[in-house]
K.L.:
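Please find one structure pasted underneath; my questions will follow.
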Amino acid sequence: MVHAPVALIPMSFPESHWKQACEVAPIFNELADRVSQDGEFLQQSLSRTRKVDPFTSRLLEIHSKMLEINKIEEIRLGLHRSDYMLDEQTKLLLQIELNTISSSFPGLSCLVSELHRSLLQQYREDIASDPNRIPANNAVNQFAEALAKAWNEYGDPRAVIMFVVQAEERNMYDQHWLSASLRERHQVTTIRKTLAEIDALGELQQDGTLVVDGQVVAVIYFRAGYAPSDYHSESEWKARLLMEQSRAVKCPSISYHLAGSKKIQQELAKPNVLEKFLENKDDIAKLRKCFAGLWSLDESDIVKDAIDRPELYVMKPQREGGGNNIYGEDVRDALLKLQKEGTGSDAAYILMQRIFPKISHSILMREGISHKEQTISELGIYGTYLRNKTEVVINQQAGYLMRTKVSSSNEGGVAAGFAVLDSIYLV
């Protein structure tokens with residue numbers, strides 16, 4: 001067992017941009033919910049991707065089956081995280097992505113905020129920083145509260161919340177923190193099962209009740225199932241379909257999962273698309289302000305520019321979890337290869353404006369050893385959303401995650417081994 005990698009002192013961050021990120025969180029929550037309800041938009045937007053990306057194709061297949069049987073998710077739960085970088089040149093806070101599945105680190109991020117507050121207090125004379133400038137971070141309890149309220153809306157006091165986990169889970173302590181909060185604060189029992197175990201032990205009763213290993217499941221919380229590597233055989237896909245057919249509250253449902261895909265993010269950035277889902281002009285303007293440049297690969301002038309100036313773009317496939325994006329000269333090589341093949345495989349990717357955040361100095365701790373590094377950071381704002389039919393039960397910003405990495409590293413996941421956990425110091 002090793003400690004999670006952390007930064008030793010918090011990262012300075014402008015208070016105005018912090019407030020902006022917190023303010024748009026409930027708007028993004030509402031947007032994700034409304035997009036998830038438009039099955040035609042999801043299917044149509046991802047139709048080209050479906051032909052060349054087998055993983056997205058399988059997700060869309062399950063989604064299609066739910067549309068065919070007119071499966072309605074009356075109770076909808078979203079535990080989201082919207083990730084941003086602060087562009088140094090324009091001073092704009094730009095969104096990297098909106099995560100709608102397995103938004104990790106609500107547990108450990110709270111502990112890092114507490115650690116930094118404690119260190120600043122303890123070494124106040126040496127560091128000369130005010131510990132109260134680190135914003136309160138209650139992500140784990142807010143996530144637990146949303147899960148518990150969804151469990152409550154389901155209405156069976158004997159039922160459990162099921163965490164869907166990877167067989168070789170390295171990030172289990174972040175998840176255990178949530179389980180502990182659910183048990184201690186809400187007296188809710190949680191169980192942990194892999195997709196393969198759910199296929200072997202799960203059954204669907206006639207009224208849609210999901211029973212796994214003899215226990216009724218009220219809420220399914222996915223911390224696995226977002227990557228092709230989580231589906232080792234047909235068994236895992238059968239489990240995903242079984243859960244989707246059930247009346248358990250899914251976090252996320254298949255439509256929420258698809259609403260968080262890169263292609264949907266790019267579609268929403270097109271002119272007049274947000275207006276299909278949101279009425280409030282001020283809300284739309286606030287979201288647009290933090291959209292980075294996003295393009296599909298059928299925009300030939302953008303593709304040409306990305307081949308000429310690859311350092312200004314990031315090429316992204318429809319994947320979650322870090323370690324999947326293409327940068328620098330590799331962007332040019334990948335685009336030229338796709339053009340040469342001409343198979344339509346370009347639909348599996350989008351292009352995004354590359355964001356250049358300010359470079360800072362940090363002390364990073366890995367496996368008990370400290371390193372002084374030049375670093376850049378990424379801010380994630382958590383959001384919790386719960387709706388039962390027409391009633392919105394919860395819609396709020398729910399804490400934050402700061403990740404810091406060596407400035408020479410392109411990728412940004414902590415669990416993937418690229419970044420460390422950090423907190424923010426408001427300036």
Side-chain angles (χ1 to χ4, degrees), residues 4 6-7 9-15 17-30 32 77-84 98-100 102-121 129-153 161 163 171-188 190 219 221 223 251-252 377-387 392-404 414-415 420-426:
V6 292
I9 51 174
M11 179 62 66
S12 294
F13 197 83
E15 190 166 9
H17 287 107
W18 158 253
K19 285 178 175 169
Q20 179 194 352
C22 292
E23 186 186 14
V24 294
I27 311 172
F28 273 119
N29 288 342
E30 186 68 47
L77 172 64
L79 299 181
H80 304 143
R81 196 187 69 232
S82 185
D83 293 334
Y84 304 91
L98 178 67
N99 300 280
T100 57
S102 187
S103 302
S104 59
F105 294 115
L108 296 185
S109 65
C110 297
L111 293 178
V112 176
S113 299
E114 281 181 42
L115 168 72
H116 285 167
R117 213 173 282 115
S118 170
L119 287 171
L120 292 196
Q121 187 71 49
S129 295
D130 177 4
N132 297 319
R133 299 300 294 165
I134 298 174
N137 193 0
N138 200 25
V140 70
N141 290 329
Q142 286 182 265
F143 265 35
E145 182 192 16
L147 285 160
K149 280 197 172 163
W151 173 86
N152 200 47
E153 295 288 331
I161 293 178
F163 286 34
N171 194 20
M172 79 268 290
Y173 292 101
D174 182 55
Q175 299 162 13
H176 285 323
W177 218 257
L178 262 178
S179 290
S181 184
L182 281 163
R183 186 175 61 248
E184 290 159 15
R185 285 171 164 255
H186 305 281
Q187 292 73 54
V188 176
T190 58
V219 181
Y221 173 47
R223 288 296 289 259
C251 182
S377 296
E378 183 177 318
L379 175 67
I381 298 287
Y382 294 112
T384 51
Y385 187 92
L386 178 63
R387 178 188 275 273
V392 176
V393 182
I394 301 175
N395 182 13
Q396 56 191 18
Q397 179 260 337
Y400 73 95
L401 165 71
M402 191 68 159
R403 285 171 296 179
T404 292
V414 175
V420 305
L421 296 168
D422 205 342
S423 71
I424 66 177
Y425 187 89
L426 298 177

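One is the number of the first residue; the rest follow in order along the sequence.
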K.L.:
Decide side-chain contact (heavy atoms from CB on, under 4.5 Å) for H17 and L379; before the verdict, give the C-alpha distance in whole Å, the side-chain angles of both, and the deciding distance to 0.1 Å.
P.N.:
CA-CA 10 Å; H17 287 107; L379 175 67; over 6 Å; no
K.L.:
So do W177 and L108 actually touch side chain to side chain, heavy atoms under 4.5 Å?
P.N.:
no
K.L.:
If the test is side-chain contact (heavy atoms from CB on, under 4.5 Å), which one of S109, P10, S377 qualifies with M402?
P.N.:
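Output: one option passes, namely S377.
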K.L.:
If I take atom NZ from residue K149 and atom CG from residue L77, how far apart are they, to the nearest 0.5 angstrom?
P.N.:
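Rounded to the nearest 0.5 Å, the NZ-CG separation comes to 12.0 Å.
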K.L.:
Is the closest basic N to carboxylate O distance between E30 and R387 below 4.0 Å?
P.N.:
yes
K.L.:
Is the closest side-chain heavy-atom distance between S104 and N171 below 4.5 Å?
P.N.:
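SC-SC contact between S104 and N171 confirmed.
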K.L.:
Do E145 and T384 come close enough that some side-chain heavy atom pair is under 4.5 Å?
P.N.:
no
K.L.:
With heavy-atom distances below 4.5 Å as the criterion, would you say the side chains of Y221 and T190 are in contact?
P.N.:
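The answer is no, as the side chains (C-beta and beyond) never meet within the 4.5 Å cut-off.
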K.L.:
Using the rule given for side-chain contact (heavy atoms from CB on, under 4.5 Å), can you reason through L178 versus F163, listing the C-alpha separation, both sets of side-chain angles and the distance that settles it, and then say yes or no?
P.N.:
CA-CA 10 Å; L178 262 178; F163 286 34; 4.1 Å; yes
K.L.:
Can you confirm whether R223 sits close enough to D174 that some side-chain heavy atom of one is under 4.5 Å from a side-chain heavy atom of the other?
P.N.:
yes
K.L.:
Return the CD to CD1 distance between E23 and I381, rounded to the nearest 0.5 Å.
P.N.:
12.0 Å
K.L.:
Evaluate the side-chain proximity of Y425 to L120: yes if any heavy-atom separation is below 4.5 Å, no if none is.
P.N.:
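Side-chain contact under 4.5 Å: yes.
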K.L.:
Under 4.5 Å between any side-chain heavy atoms of I9 and L119, yes or no?
P.N.:
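A side-chain contact is absent here, since even the closest heavy-atom pair is not under 4.5 Å.
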K.L.:
Where the side chain of Y385 meets the backbone of V392, is there a donor-acceptor pair that is under 3.5 Å apart?
P.N.:
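Side chain of Y385 to backbone of V392, a donor-acceptor pair under 3.5 Å: no, none is there.
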K.L.:
Measure the OH-CG distance between Y400 and N138 for me, rounded to the nearest 0.5 Å.
P.N.:
11.5 Å
K.L.:
Mind checking the CZ-CG spacing from R403 to D422? Nearest 0.5 Å is all I need.
P.N.:
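With rounding to 0.5 Å, CZ (R403) is 11.5 Å from CG (D422).
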K.L.:
Between CG of L426 and CG of N132, what distance do you get to the nearest 0.5 Å?
P.N.:
11.0 Å
K.L.:
Just one of P14, P135, S113, S12 clears the side-chain contact (heavy atoms from CB on, under 4.5 Å) bar with I424, so which one?
P.N.:
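Result for side-chain contact (heavy atoms from CB on, under 4.5 Å) with I424: P135.
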K.L.:
Determine, step by step, whether L147 and V188 satisfy the side-chain contact (heavy atoms from CB on, under 4.5 Å) criterion, reporting the C-alpha distance in whole Å, the side-chain angles of both residues, the deciding distance to 0.1 Å, and the verdict.
P.N.:
CA-CA 9 Å; L147 285 160; V188 176; over 6 Å; no
K.L.:
How about P252 and H80: do any of their side-chain heavy atoms sit closer than 4.5 Å?
P.N.:
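P252 vs H80: side chains apart.
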